[in-house]
Q: 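Take a look at this one; I'll ask things after.
What you see below is based on every heavy atom in this structure, not just the backbone, and it leaves out hydrogens, waters and symmetry mates.
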Amino acid sequence: MFCLKINFIAAIIFSAIFIFNLNVDAAAQNPPPDKESDWYWLASNNKYSKYFAPSSVRIIKQAITDSGKEIPTEIEAWTKTTYTFDGAKETIKNYEIANILPDPKILSYSLALFKVNPQTRTIQYAREDFYNAQNKVLWSKTDGRVKEINSQAFDEDFYAAIVDEVFSQGEVERKKAKDRWIDLWTFTSPEGVTTTVTADTTTMQLKGTNLILWEWQETKGKDKKITEIKFMKKAINLNQGTERMISGEIWTLSTKHWKPFEDDYGGAYRMVRNDEPDYKGLVRLRAFAKGYSTWVKRYAIS
């Protein structure tokens, strides 16, 4: 019995060591760059400067199409963010780590290992390390939540650069293009209330006959002041002429903050009738998908 216990304990220790070594080996496969010259600048504002390391970009997973073509479905890369005082203060607040980093002045920069899925336009922070100016790690986090990339995402610059490094389909160029947003429709009621809807072409991906995209809808009163904004992810069935809202957020002048909302159809498809203002949007999207078929199918697996 004693020998059995010893063997059992030894097996547990061996397993723990084995798992630890696997984690170390996995981290060692793609460590963060240690030279300043490895970092490529992407964007800056009064809070943050963003960089990524092209040399760290790796394809982790691929899918094989019916024709035998391999399409990357998971990409890994390191990014870097440097902070001003205001940026550090905002970051500490967002991560709720004021008890760990009470003084924003000590937070200098962070490194993050991204996992990117181009088919769903999502990223995950697999690992984040936050440093002071002396390159000492102040706090670390692993297995962050999966986030979808749209025009409101802080991580959009990182996503576009990393995906372009693999596919070279012009994500960075389209993100900065003057015609990134296209007008879908505008309607003014007899009371003088005007609603305008635009679509973000960077988010458009065709899946079967469904065009997935994000729309921005603004409503203005007679005085031309914005009273309501809706930011919506939609699926538009181009063949059937139907649409559904996948998710959405709404801002109103009365509340002056964003909150999630559901449409009147509860996420179900509805027919877009040809006597409705948004029928013009359906026609516009059909034309865009046809004229830019390579773009809307750029990472398609089937």
Q: Will you find, in the side chains of Y269 and N210, an N or O donor that is under 3.5 Å from an N or O acceptor?
A: yes
Q: Around atom CD of E173, are there more than 12 heavy atoms of other residues, nucleotides or ligands at under 6.0 Å?
A: no
Q: Would L42 and I123 show up in the same hydrophobic cluster when neighbours are defined by side-chain heavy atoms closer than 4.5 Å?
A: yes
Q: Return the OG1 to NZ distance between T194 and K222, rounded to the nearest 0.5 Å.
A: 11.5 Å
Q: By the ring pair (Phe, Tyr, Trp, His ring centres under 6.0 Å) test, which pairs, at least two apart or in different chains, include something from residues 171-193?
A: none
Q: Look only at the side chain of N30 and the backbone of S56, and say whether a donor-acceptor pair between them is shorter than 3.5 Å.
A: yes
Q: Sequence neighbours left out, what passes salt bridge (Lys or Arg N to Asp or Glu O under 4.0 Å) with K175? Give chain and number order.
A: D157
Q: When you measure from the side chain of T91 to the backbone of G87, do you find a donor-acceptor pair of N or O atoms at a distance under 3.5 Å?
A: yes
Q: Would you find a donor on one side and an acceptor on the other, under 3.5 Å apart, between the side chain of N132 and the backbone of N135?
A: yes
Q: Rounded to the nearest 0.5 Å, how far does CD1 of I71 lie from OG1 of T65?
A: 6.0 Å
Q: Using only heavy-atom distances, determine whether the side chains of T227 and T219 contain a donor-acceptor pair under 3.5 Å.
A: no
Q: Can you pull the salt bridge (charged side-chain N to carboxylate O under 4.0 Å, His left out) pairs that have at least one residue in residues 66-75, sequence neighbours excluded?
A: K61-E74
Q: So, using salt bridge (Lys or Arg N to Asp or Glu O under 4.0 Å) as the criterion, who are the partners of K93 when residues are at least two apart?
A: none
Q: If you measure from CG on L107 to OG1 on T81, what distance do you get to the nearest 0.5 Å?
A: 10.0 Å
Q: Does anything in residues 197-237 form a ring pair (Phe, Tyr, Trp, His ring centres under 6.0 Å)? List the pairs, not counting sequence neighbours.
A: W214-F231, W216-F231, W216-W258
Q: Checking side chain to side chain contact (heavy atoms under 4.5 Å, CB included) between Y131 and each of T82, L111, I106, which is the one that passes?
A: L111
Q: Ion pair present between K233 and E249, side-chain N to carboxylate O less than 4.0 angstrom?
A: no
Q: Using only atom types and a distance under 3.5 Å, with no angle test, would you say the side chain of T142 pairs donor to acceptor with the backbone of A126?
A: no
Q: Considering residues at least two apart in sequence or located in another chain, which fulfil the salt bridge (Lys or Arg N to Asp or Glu O under 4.0 Å) criterion with E90?
A: K47
Q: Tell me the ring pair (Phe, Tyr, Trp, His ring centres under 6.0 Å) pairs involving residues 141-161, sequence neighbours left out?
A: Y48-F154, F114-F158
Q: Taking atom CD of Q205 and atom CD1 of I212, what is their separation to the nearest 0.5 Å?
A: 8.5 Å
Q: Less than 3.5 Å apart, any donor N or O on the side chain of D155 or Y125 sitting next to an acceptor on the other?
A: yes
Q: What residue pairs, at least two apart or across chains, pass salt bridge (charged side-chain N to carboxylate O under 4.0 Å, His left out) with a residue in residues 128-140?
A: R127-D129
Q: Check for me whether K105 meets the cation-pi criterion with F85, that is, NZ or CZ under 6.0 Å from the six-membered ring centre and within 45 degrees of the ring axis.
A: no
Q: For P104 and A88, work out which heavy atoms get closest and say how close.
A: O-CB, 3.4 Å
Q: Under a 4.5 Å cut-off applied to non-hydrogen side-chain atoms, are N117 and I75 in contact?
A: no
Q: Name all pairs fulfilling the salt bridge (charged side-chain N to carboxylate O under 4.0 Å, His left out) condition that reach into residues 184-194, sequence neighbours left out, sorted by first residue then second.
A: none
Q: Keeping Q124 on the side-chain end and G144 on the backbone end, is there a donor-acceptor pair under 3.5 Å?
A: yes
Q: For the residue pair N237 and T209, confirm or rule out a side-chain donor-acceptor distance under 3.5 Å.
A: yes
Q: Going through the checks in order, is the side-chain contact (heavy atoms from CB on, under 4.5 Å) test met by E215 and L184?
A: CA-CA 9 Å; E215 292 182 359; L184 295 185; 3.5 Å; yes
Q: Hydrophobic cluster membership, with links at side-chain heavy-atom distances under 4.5 Å among I/L/V/M/F/W/Y: are V193 and I226 in one?
A: no
Q: Could you walk me through whether Q217 and T195 pass the side-chain contact (heavy atoms from CB on, under 4.5 Å) check?
A: CA-CA 7 Å; Q217 178 177 307; T195 300; 3.7 Å; yes
Q: Give the minimum heavy-atom separation between G170 and D164, together with the two atoms involved.
A: N-OD1, 3.1 Å
Q: Is there side-chain contact between T122 and K147, with heavy atoms separated by less than 4.5 Å?
A: no
Q: Supply the atom-to-atom distance L282 CG to L238 CG, rounded to the nearest 0.5 angstrom.
A: 7.0 Å
Q: My understanding is that only residues two or more places apart in sequence, or in another chain, count here; which of them pass salt bridge (Lys or Arg N to Asp or Glu O under 4.0 Å) with K89?
A: none
Q: Under the side-chain contact (heavy atoms from CB on, under 4.5 Å) criterion, do K141 and W139 qualify, and how do the steps go?
A: CA-CA 7 Å; K141 178 179 173 60; W139 183 66; 3.8 Å; yes
Q: Of all heavy-atom pairs between L101 and I92, which one has the smallest distance, and what is that distance?
A: O-CD1, 3.4 Å
Q: Walk me through it: do V166 and V57 pass the test side-chain contact (heavy atoms from CB on, under 4.5 Å)?
A: CA-CA 8 Å; V166 174; V57 176; 3.7 Å; yes
Q: Which residue pairs pass the ring pair (Phe, Tyr, Trp, His ring centres under 6.0 Å) test when at least one of the two sits in residues 281-302, sequence neighbours left out?
A: F167-Y299, F288-Y292
Q: Applying salt bridge (charged side-chain N to carboxylate O under 4.0 Å, His left out) as the test, list every pair that has at least one member in residues 281-299; sequence neighbours left out.
A: E171-R298
Q: Between K234 and E243, does any NZ, NE, NH1 or NH2 come within less than 4.0 Å of an OD or OE carboxylate oxygen?
A: yes
Q: Side chains of T201 and R174: is there a donor and an acceptor less than 3.5 Å apart?
A: yes
Q: Would you give the length of the straight line joining atom OG1 of T294 to atom CG of L206, rounded to the nearest 0.5 angstrom?
A: 11.5 Å
Q: Would Y83 and S49 count as having a side-chain donor-acceptor pair, cut-off 3.5 Å?
A: no
Q: Quick check on the hydrophobic clustering: are I229 and V197 connected, directly or via other members, by side-chain heavy-atom contacts under 4.5 Å?
A: no
Q: Check K50 with E156, please: is the shortest side-chain N to carboxylate O separation under 4.0 Å?
A: no
Q: Please tell me whether T202 and D200 have a donor and an acceptor in their side chains that are separated by less than 3.5 angstrom.
A: yes
Q: Which atoms form the tightest heavy-atom contact between E148 and T120, and what is the distance?
A: CG-O, 4.2 Å
Q: Of the non-hydrogen atoms in T203 and I149, which two are nearest, and what is the gap between them?
A: CG2-O, 4.4 Å
Q: Would L113 and I59 show up in the same hydrophobic cluster when neighbours are defined by side-chain heavy atoms closer than 4.5 Å?
A: no
Q: Group every Ile, Leu, Val, Met, Phe, Trp and Tyr by side-chain heavy-atom contacts under 4.5 Å, then state whether Y40 and I162 land in the same group.
A: yes
Q: Just wondering, do V116 and V163 contact through their side chains at under 4.5 Å, heavy atoms?
A: yes
Q: So which heavy atom on P54 is nearest to which on E165, and how close?
A: CB-OE2, 3.7 Å
